[in-house]
Amino acid sequence: MAENHYDAIVVGSGISGGWAAKELTEKGLKVLLLERGRNIEHIKDYQNAQKESWDYPHRGHRTQEMIDKHPVLKRDYPLNEQTQGMWVDEQKSPYIEEKRFDWFRGYHVGGRSLLWGRQSYRWSQTDFEANIRDGLAVDWPIRYEDLAPWYSYVERFAGISGSKEGLDILPDGEFLPPMQLNCVEKDVANCIKEKFNGQRHMFIGRVANITQAKPEQNRVDCQYRNKCWLGCPYGAYFSTQSATLPAAMKTGNLTLRPYSIVTQVLYDKDKKKARGVEVLDAENHQTYEYTADVVFLNASTLNSTWILMNSATDIWPDGLGSSSGELGHNVMDHHLRAGAEGDVEGYEDKYYYGRRPNGFYVPRFRNINGDNRDYLRGFGYQGRASRERWDREVAELSIGADFKQALSEPGQWTIGMGGFGEILPDHDNHVSLSHEVKDAWGLPVLSFSVELKENELAMRKDMTQDAVDMLEAAGVKNVRGYDREYGVGMGIHEMGTARMGRDPKTSVLNGFNQIWDAPNVFVTDGACMTSASCVNPSLTYMALTARAVDYAVKELKKGTLA
């Protein structure tokens, strides 16, 4: 076997790329895993995992210098001392905003699996049927029953804690014991169920933090530190580093190559298949070629599409997979920053255990079960109740012993919930490849033209008012609804741009995530999504990836892909 040839190449080492590497190697294939950023080794490289706020020069917050250097990251929480260096420097990796898009990326081994919120929900039959029911975009080529066994498969390995609720709109899964709602959340949940006649539900989030140890994976159960985004030395939450990468390495079939920017998929126009990829070494700027029988693109939604746009341009001017005219189109996210918050009285003698890295969830209740609104689809809520911390403001005190004494005691109970709304697939919401601006490696960048449409703007009114109604019904005081500034991308759930479908004339991928124009290339990250649902998408990426690998390996054995 040639030194640069592998059975399979996986591009990107985040949530879906880690799964592709694990599944392919465990099925006996020799795999090259390419990551454009640096390596981060489990435990050893979690530099801030044991730090407290007082260990940082600015208590973990952002500085004016950081704000000046990072005009995109400063728009939301990613810019801070604690995770500095984990999010992409937009000066080295710029992009063009024809319309505002907040693109928060993680270029390193593990990608955003080290930084994600870990909320893990199955899609429902309603979600997979949404497009055809509404006569919108194209129909999903799969249904819930196609993915259900793969949801179970990945849940058992990743470790998802949660409670079974028996709701069609949010199917139950293979759960570890759930974390617990605190006393305020339990009472609010009971009030909501009673006041809304059992049509609205609130329960603990389904989260990829294990509540029972997985000794076979060297993972210890969650310690309730709530420092997940700093890397977990216990392996208590699912990430590439804690779970899929060790499994792939254990097979002896994996080669990991960091600092490897994949610039294009190499396409054989005679065989009408890919023969491998071209790599630009991020350190020495040399170009290399690696060949394989099958290629999995898992570089994250927009980077996988960037690679396709930069590939096979002598055949398709808009890139490999562009024959339908849909490559780069139908960008989606979840719109958020609309909801309500308020104060809770009567629990001054109550507290809670630890720093739970999870909150409550309120699943979608709009446009289902006979409810009809003046917009399509719906939203869910995520939130929590807690007591104010030591860093709260005390208006009457500013310095001295009384101030110190006040902050030594728990503050007032508060509760808040924020909506996560579905964004519809829209051909006009798109990215394109621009050669006018180059990144630090001389490569063209993406240009964004994405915005909320009337449907999402109408939905946001309900996202705010429904939250107010539920909190007030539960007796929360001083309830304040909000609809704060949101830029598409802030949800960090970017989806679409290489959608699955039933027809090569209207979609980029088929029902097994194969590119119609190159059937030995699979795209199983967020780029493949045909619609967005309103629940966090990462669990669906995992299930789609495991399913696609199973199919790909079977087809390789038949000789249809090589």
Could you tell me whether the side chain of [X] and the main chain of [Y] form a donor-acceptor pair under 3.5 Å?
{"X": "His334", "Y": "Ser533", "answer": "yes"}
{"X": "Asn209", "Y": "Tyr237", "answer": "no"}
{"X": "Trp116", "Y": "Phe238", "answer": "yes"}
{"X": "Thr497", "Y": "His329", "answer": "no"}
{"X": "Asn510", "Y": "Gln514", "answer": "yes"}
{"X": "Arg460", "Y": "Leu336", "answer": "yes"}
{"X": "Asp525", "Y": "Ser300", "answer": "yes"}
{"X": "Asn367", "Y": "Arg377", "answer": "yes"}
{"X": "Tyr259", "Y": "Arg36", "answer": "no"}
{"X": "Asp268", "Y": "Asp270", "answer": "yes"}

Legend entry - Check: Pro363 and Leu167 side chains under 4.5 Å, non-hydrogen atoms: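 Touching, per the 4.5 Å side-chain cut-off.
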Inset, instruction - Could you check if a side-chain atom of Val445 sits within less than 4.5 angstrom of a side-chain atom of Lys438, using non-hydrogen atoms only? - result: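 When only atoms from C-beta onward are counted, Lys438 and Val445 do not touch, as no gap falls below 4.5 Å.
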Inset, instruction - Check the pair Asn310, Ile307 against side chain to side chain contact (heavy atoms under 4.5 Å, CB included), reporting the backbone distance first and the verdict last. - result: CA-CA 5 Å; Asn310 209 44; Ile307 292 169; 5.9 Å; no
For the [atom1] atom on [X], are there more than 12 heavy atoms of other groups (residues, nucleotides or ligands in this structure) within a distance under 6.0 Å?
{"X": "Lys271", "atom1": "NZ", "value": "no"}
{"X": "Glu436", "atom1": "CD", "value": "no"}
{"X": "Lys164", "atom1": "NZ", "value": "yes"}
{"X": "Glu454", "atom1": "CD", "value": "no"}
{"X": "Ile132", "atom1": "CD1", "value": "no"}
{"X": "Asp168", "atom1": "CG", "value": "no"}

Legend entry - Ring-ring centroid check Trp19 Phe157, cutoff 6.0 Å: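 Between Trp19 and Phe157, the centre distance is under 6.0 Å.
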Can you tell me how the ring of [X] sits relative to the ring of [Y], calling it parallel under 30°, perpendicular over 60° and tilted otherwise?
{"X": "Phe128", "Y": "Trp140", "result": "perpendicular"}
{"X": "Trp150", "Y": "Tyr153", "result": "perpendicular"}
{"X": "Tyr381", "Y": "Phe379", "result": "perpendicular"}
{"X": "Phe512", "Y": "Tyr551", "result": "parallel"}
{"X": "Phe101", "Y": "Phe448", "result": "parallel"}

Identify whether the distance between the nearest side-chain nitrogen and carboxylate oxygen of [X] and [Y] falls below 4.0 Å.
{"X": "Glu155", "Y": "Arg122", "value": "yes"}
{"X": "Glu456", "Y": "Lys453", "value": "no"}
{"X": "Asp550", "Y": "Lys554", "value": "yes"}
{"X": "Asp517", "Y": "Lys269", "value": "no"}
{"X": "Asp428", "Y": "Lys99", "value": "no"}
{"X": "Glu451", "Y": "Arg100", "value": "no"}
{"X": "Asp281", "Y": "Arg257", "value": "yes"}
{"X": "Arg502", "Y": "Asp139", "value": "yes"}
{"X": "Arg75", "Y": "Asp102", "value": "yes"}

Inset, instruction - Go through the steps for Lys273 and Asn520 under the test side chain to side chain donor-acceptor pair (under 3.5 Å), then give the verdict. - result: CA-CA 6 Å; Lys273 296 177 182 177; Asn520 65 334; over 6 Å; no
Inset, instruction - Decide yes or no on ring pair (Phe, Tyr, Trp, His ring centres under 6.0 Å) for Trp123 and Tyr144, but give the supporting numbers first. - result: CA-CA 7 Å; Trp123 280 32; Tyr144 176 73; over 10 Å; no
Legend entry - Passing option when Ser16 is tested against Thr524, Thr301, Asn298 for side chain to side chain donor-acceptor pair (under 3.5 Å):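 Exactly one pass, corresponding to Asn298.
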Inset, instruction - Just do the side chain to side chain donor-acceptor pair (under 3.5 Å) check on Ser434 and Tyr95 with the steps written out, would you? - result: CA-CA 9 Å; Ser434 173; Tyr95 60 98; over 6 Å; no
Give the minimum heavy-atom separation between [X] and [Y], together with the two atoms involved.
{"X": "Cys528", "Y": "Leu544", "value": "SG-CD1, 3.7 Å"}
{"X": "Asn131", "Y": "Val138", "value": "ND2-O, 2.8 Å"}
{"X": "Gly166", "Y": "Asp172", "value": "N-OD2, 3.0 Å"}
{"X": "Leu170", "Y": "Arg206", "value": "O-NH1, 3.3 Å"}
{"X": "Gly489", "Y": "Asp333", "value": "N-OD2, 2.9 Å"}
{"X": "Trp229", "Y": "Leu115", "value": "O-CD2, 3.8 Å"}

Inset, instruction - Give the C-alpha distance, both sets of side-chain angles, the deciding distance and a yes or no for salt bridge (charged side-chain N to carboxylate O under 4.0 Å, His left out) between Arg275 and Glu289. - result: CA-CA 10 Å; Arg275 60 183 181 86; Glu289 287 188 4; 3.5 Å; yes
